[in-house]
Amino acid sequence: MLEDKLYSLFGFQSFKPGQKDIIEQLMAGKDVLAMLPTGRGKSLCYQLPGLLSEGLTIVVSPLLSLMEDQVQQLKSQGIRRVATLNSFTNKEERKWLISHLSKIKLLYTSPEMLQSDELINRLKSIHISYFIIDEAHCVSYWGHDFRADYLRLKDVRDDFKMPPCLAITATASPSVRQDIIKELALKDPFFYIESVNRENILLAVEEMNSQVDKVNRLVEYIQSYESPALVYVQTRAQAEYYSHKLQVESTIRVGFYHGGMENAERMLIQQQFMNGQLDVVCATSAFGMGLNKENIRYVIHLHCPLDIASYVQEIGRAGRDGKPSFAVLLTTPEDKYYAHQLVERGKLSEIDWAWALGTLQGGLPFKSESFESIVETINGDQARTAVFLLEQWGVIKNGMVQAFAITDVAVKLRNHFDINVKRQKKRLESAITYAYGTEQCKRGQLLHYFNEEPISQKPCCNVCGLDLGPFRKDKRKKKENETLLNAKEELKRIFGIERSCGHGN
DNA sequence: CGGCTCTGTAGTACTACAGAGCCGGTGCGGTACT
């Protein structure tokens, strides 16, 4: 009985909804595409089959921190035959691990690591029970232009003689699901798709006249409502700017988080937020994956989201404890133009590509460094994606550049990136409809994007102007905050302190 | 779609102005350097 194993390995009496279906299908040898809300035990869906199987289960994870967290957690539960293999693994550990892979049940690694010949060759000699893609939306979101190794997973799986594959995520729109199926070559997969609706999160969109109004409104929210809260912004500079701004204008403890920070700094901010030493974090989209904080009361966005699924994922970090929470999107009319520009900027002409391709000489070994640095307009990520495509098309074979027609290949490259821009544009269009559309029911719009029926019983809540009273800090507390704020103002006046923020908006 | 900064040039010696150009976020791994 699966339940017995569940109890003996994990100490749970019963499965949560969806888990058993997913596990049974996977164990019966089927590919599975699963969408389960966060906090509903996604990892158990592959940990249990992995531990019960004869061979090794490979878990592909997008972030080092996610791998390390999971393995640490399993080990603390007394499950020892698990390991991570990534750039944290030092040489000796790596050597030991590769020669002892047959002793391991679950191996957590990155898509990039799975490009190592040494590792692949070793894995080929071992029975791979399951191939798991955690946070599988990354295949579609990152694979096409940012982390090409996500698109190479299909070939990796082929090397292992196509073990059953589980692609699992919390948020993937129907088109993203189709893309995942295509890019991982899932064969007639079993779907387990759960609603993205989170009834305890109220939704609101407020259009502001100017950036100044937006900031004032933000300060108002932060002053009036119970933290912890998340504030999402578009750029790194904005994350820092708003964080300083809120520190000056309110009494709450604010930090910022973005991808440009040192690892140690990022870990510190996340820890402080987890431990309740920070009330609010102003962050770019870098913050949140794997964040396991239950009591976030609200999420505010200060920019037009580029995509509804990402928006849903970000606001879904509120109210994990099931208690009432809310998500507010603050926009100004020009935000949508800015968003458009960002998407358009990914475009390159075939001339750019032809120029880059001109550096490749048929018959010579391929040198990726020189290819990547030759044309300034092509960034490193795009260049790496291009290399992936050149390999797919046979322009680069076994590390050697073959004879090829520059113009044709340049056009093919341009087309590939154009298709991706089109994909992003389409996603942006629906996000703009959500942000600026006159449709009253915001929840209905989100559900519609995921092909879900608008359900009348579900609370329809464009709560603009609606009373958010229950979320307000109680009066006594508010008064304390005001006193503190006044004291802060007073100090500022006395010492003539003006915080310098360094960044404008 | 806007707005800022940089650059070049003209007219006057350092300033003024016009026009061009730029402008985002996600992370892995490995190597070269201090």
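Note that the coordinates shown come from a computational prediction; the quantities given were computed from them, not determined experimentally. Proteins get letters first, then strands, A, B, ... in listed order; numbering begins at 1 in each.
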Could you check whether Tyr141(A) and the base of dT26(B) form a stacked pair, meaning centres closer than 5.5 Å and planes differing by less than 30°?
no
So what does [X] hit on the nucleic acid, given a heavy-atom distance under 4.0 Å: a base, only sugar-phosphate, or nothing?
X	result
Asp149(A)	nothing
His258(A)	sugar-phosphate
Pro333(A)	nothing
Tyr338(A)	sugar-phosphate
Leu306(A)	base

If the cut-off is 4.0 Å, is [X] near the phosphate of [N], judged by side-chain N/O to OP1 or OP2?
X	N	result
Ser285(A)	dT26(B)	no
Ser110(A)	dG29(B)	yes
Arg384(A)	dG29(B)	no
Arg236(A)	dC23(B)	no

Separation of the [atom1] atoms in [N] and [M], to the nearest angstrom:
N	M	atom1	result
dG11(B)	dG19(B)	P	14 Å
dC23(B)	dC1(B)	C1'	14 Å
dT12(B)	dT7(B)	P	25 Å
dC28(B)	dT9(B)	P	46 Å
dG27(B)	dC4(B)	C1'	30 Å
dC17(B)	dA13(B)	P	14 Å

Checking side-chain hydrogen bond (donor to acceptor under 3.5 Å, both in side chains) against Tyr257(A), which of Glu240(A), Arg266(A), Glu265(A) comes through?
Arg266(A)
Keeping the roles fixed (side chain from Glu194(A), backbone from Pro37(A)), state whether a donor-acceptor pair exists under 3.5 Å.
no
Sub-3.5 Å donor-acceptor pair from the side chain of Lys214(A) to the main-chain atoms of Leu302(A), do we have one?
yes
Students often mix this up, so state it plainly: with edges at 30° and 60°, are the rings of Tyr298(A) and Phe326(A) parallel, tilted or perpendicular?
parallel
When Glu112(A) is tested against each of Arg384(A), Arg147(A), Arg152(A) for salt bridge (charged side-chain N to carboxylate O under 4.0 Å, His left out), which residue passes?
Arg147(A)
Decide side chain to side chain donor-acceptor pair (under 3.5 Å) for His340(A) and Glu429(A); before the verdict, give the C-alpha distance in whole Å, the side-chain angles of both, and the deciding distance to 0.1 Å.
CA-CA 9 Å; His340(A) 259 130; Glu429(A) 283 308 323; 3.2 Å; yes
Considering only side-chain heavy atoms of [X], which listed nucleotide, [options], is closest?
X	options	result
Phe146(A)	dG24(B), dG27(B), dC1(B)	dG27(B)
Arg147(A)	dG29(B), dG27(B), dC1(B)	dG27(B)
Thr284(A)	dG30(B), dG25(B), dG27(B)	dG25(B)

Take Leu390(A) and Lys412(A) through the side chain to side chain contact (heavy atoms under 4.5 Å, CB included) test and state the conclusion after the steps.
CA-CA 10 Å; Leu390(A) 295 176; Lys412(A) 274 170 85 176; over 6 Å; no
Measure across Tyr449(A) and Asp307(A) and return the closest heavy-atom pair with its distance rounded to 0.1 Å.
OH-OD1, 3.5 Å
In dA13(B), glycosidic geometry as syn within 90° of 0 or anti otherwise:
syn
Dot-bracket, DNA chain B: Watson-Crick or G-U, under 3.5 angstrom, [ ] crossing, | other strand?
.(((((((((....)))))))))...........
